[in-house]
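All chains are named by letter (A, B, ...) in the order of the sequence lines, taking the proteins before the strands, and each is independently numbered beginning at 1. Hydrogens, waters and symmetry mates are skipped; everything else that's a heavy atom, side chains included, is used.
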Number of protein chains: 2
Amino acid sequence: MSQQAEVSRRVRLNRQRVLEAAVALADEIGIDALSMRRLAQELDVVPMALYKHVADKEDLVDGMVEVIIREIDPPLLDSGWRDAIRRRVLSARSALQRHRWARQAIESRNTPTPAVLEYQDSFAGTFLAGGFTPDLAHHVMHALGGRMWGFTQELFDGTAKPKSEVASPANPAAQAEMFAHMATLYPNIVTIATATPHDDDDSVVGRGCDDQFEFEFALDLLLDGFEQLHRRGWTSA
Amino acid sequence: MSQQAEVSRRVRLNRQRVLEAAVALADEIGIDALSMRRLAQELDVVPMALYKHVADKEDLVDGMVEVIIREIDPPLLDSGWRDAIRRRVLSARSALQRHRWARQAIESRNTPTPAVLEYQDSFAGTFLAGGFTPDLAHHVMHALGGRMWGFTQELFDGTAKPKSEVASPANPAAQAEMFAHMATLYPNIVTIATATPHDDDDSVVGRGCDDQFEFEFALDLLLDGFEQLHRRGWTSA
DNA sequence: TTGACAAGTGTACCTCGTACACCCTAGGCT
DNA sequence: AGCCTAGGGTGTACGAGGTACACTTGTCAA
């Protein structure tokens, strides 16, 4: 009886609750560690219970991506295309910053869901409304590529260190030696990595660059390019 | 005896052979279907035999990426930076075109291997040799991002259709209906998708755009930007 | 020939996604 | 109120996958 009371007290699941729990769990443990079983446990149900709310894991991840999309600011309507695009991209970026797993999740999808199509459509709409020809808008969206989602394909920047060395943060001698080693093997990477001022000075090579700056640098480079082509009435023909 | 002869006739495995077999198998069945067990079967050994040559699956994929990198042309030394970068990127692109799984493999790595660092280092070297300041070279490499590997983060272009519809290639009526449906829901995507001439005219929406063109469009846009900043002596300070 | 090291094997364990058949409960109908 | 039913939740089980560990076999140098 108390058992039953316990059970009935428990809020019932629905797709939304499942997706939100999945997002929260992924925030915590990363998307690779997110399994149906782990998620079920978090929700205090048996794994198979989830399948009443999502078709399969693919569908779960699709749903999670949609949750993220909903966090992105809607496009501005009262400003120029450039400002609207720029702000929206940066808003997407900040959403992806809150959910570090999302980039991988988005990249792993290979069929667009309606939510994704809608997102892309509104981008296209902003360009068209800004006077871009459909032709130019098309190419420009391709050029934007993943940046539309707020990420560059960074992979790993030149400043990331091989994992073998990560474990020794409090060993200045070893670090200096490794730095010298890197400088021998990869002189150019070290040159450009050390050229930019560090925000984190206790590491010789690591985390030296401001990701946000790099992102906006590339974004603005592209936007400048778009603007020029647009002004010149560029066509692919 | 004949059994033994059979066995001894078999060439011995080594890391290189394992990696090459893995690349070939991934070319054939895709990287998702590539399992240690399947690869072992292909090589006619028991799964655990592979572990004598690769540390684990991570290591296997790292090795596969290195194989790909070796397929990319070395940098030109006798031409300007712009030409050198452009050619190399396009060479990387064609390697990735031959191995469609490679993009995903590269993206999934989160710690750079020496081969990867070396590849990036030679890019950096090309910029520096071209007279870029370390500062500008740094930002420019970030801007290049994944394009350095010959791919844009396409995700899915506006012309990709939801998978539910993929199965009916020979149903013009349904296709027309779906097109109308898309045009209602995603008018802007349809507008820009149909603006560019198709190379495949039997599909109303699909595969309309020339990926190579889009790639070079964005690449040149960036290279133009780089060139201007370089000429102006741009600094981040 | 022999001895030792490296290559290959067999078995077994754990984690995952998920099919299938079942039970239970809440909410609408009489 | 009592009943019925749809759909949420359960239990069990299977097959695929990565890989630890202990073992056997093959190769080659001394």
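Under the side chain to side chain contact (heavy atoms under 4.5 Å, CB included) criterion, A/Ala21 pairs with A/Leu39, A/Leu43, not counting sequence neighbours. Not counting sequence neighbours, B/Tyr186 has no partner by the ring pair (Phe, Tyr, Trp, His ring centres under 6.0 Å) test. Listed by chain and residue number, A/Ala143, B/Arg147 satisfy the side chain to side chain contact (heavy atoms under 4.5 Å, CB included) test with B/Ala218 (two or more places apart in sequence, or in another chain).
With rounding to whole Å, B/Leu39 atom CG is found 13 Å from C/dG8 atom P. Protein atom CZ of B/Arg12 is 15 Å distant from nucleotide atom P of C/dC5, rounded to whole Å. We find that NZ of A/Lys52 is positioned 8 Å from P of D/dG9, with the value rounded to whole Å. One can place CZ of A/Arg15 at 17 Å from P of D/dG7, the figure rounded to the nearest angstrom. For the pair A/Leu13 CG and C/dT25 C1', the computed distance is 15 Å after rounding to whole Å. In this entry the distance linking CG of B/Asp44 with P of C/dT9 reads 9 Å, nearest Å. Put simply, CG on A/Leu50 is 18 Å from P on C/dC20, counting in whole angstrom units. In this structure, A/Gln41 places its CD atom 13 Å from P of D/dT10, rounding to the nearest Å.
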Protein-to-nucleotide contact annotation, 5' to 3' order, nucleotides 11-16 of chain C [B base; S sugar-phosphate only; - none; under 4.0 Å, heavy atom]: BB---B
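Around CZ of A/Arg87, the count of heavy atoms belonging to other residues, nucleotides or ligands within 6.0 Å does not exceed 12.
Screening residues 25-35 of chain B for side-chain hydrogen bond (donor to acceptor under 3.5 Å, both in side chains), with sequence neighbours left out, gives B/Asp27-B/His99, B/Asp27-B/Trp101, B/Asp32-B/Gln104.
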Expected list for residues 49-56 of chain B: side-chain donor-acceptor pairs under 3.5 angstrom, two or more places apart:
| residue | atom | partner | partner atom | Å |
| --- | --- | --- | --- | --- |
| B/Asp56 | OD1 | B/Glu58 | N | 3.4 |
| B/Asp56 | OD1 | B/Asp59 | N | 3.0 |

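Between A/His53 and D/dG9 there is a side-chain polar atom (N or O) within less than 4.0 angstrom of OP1 or OP2.
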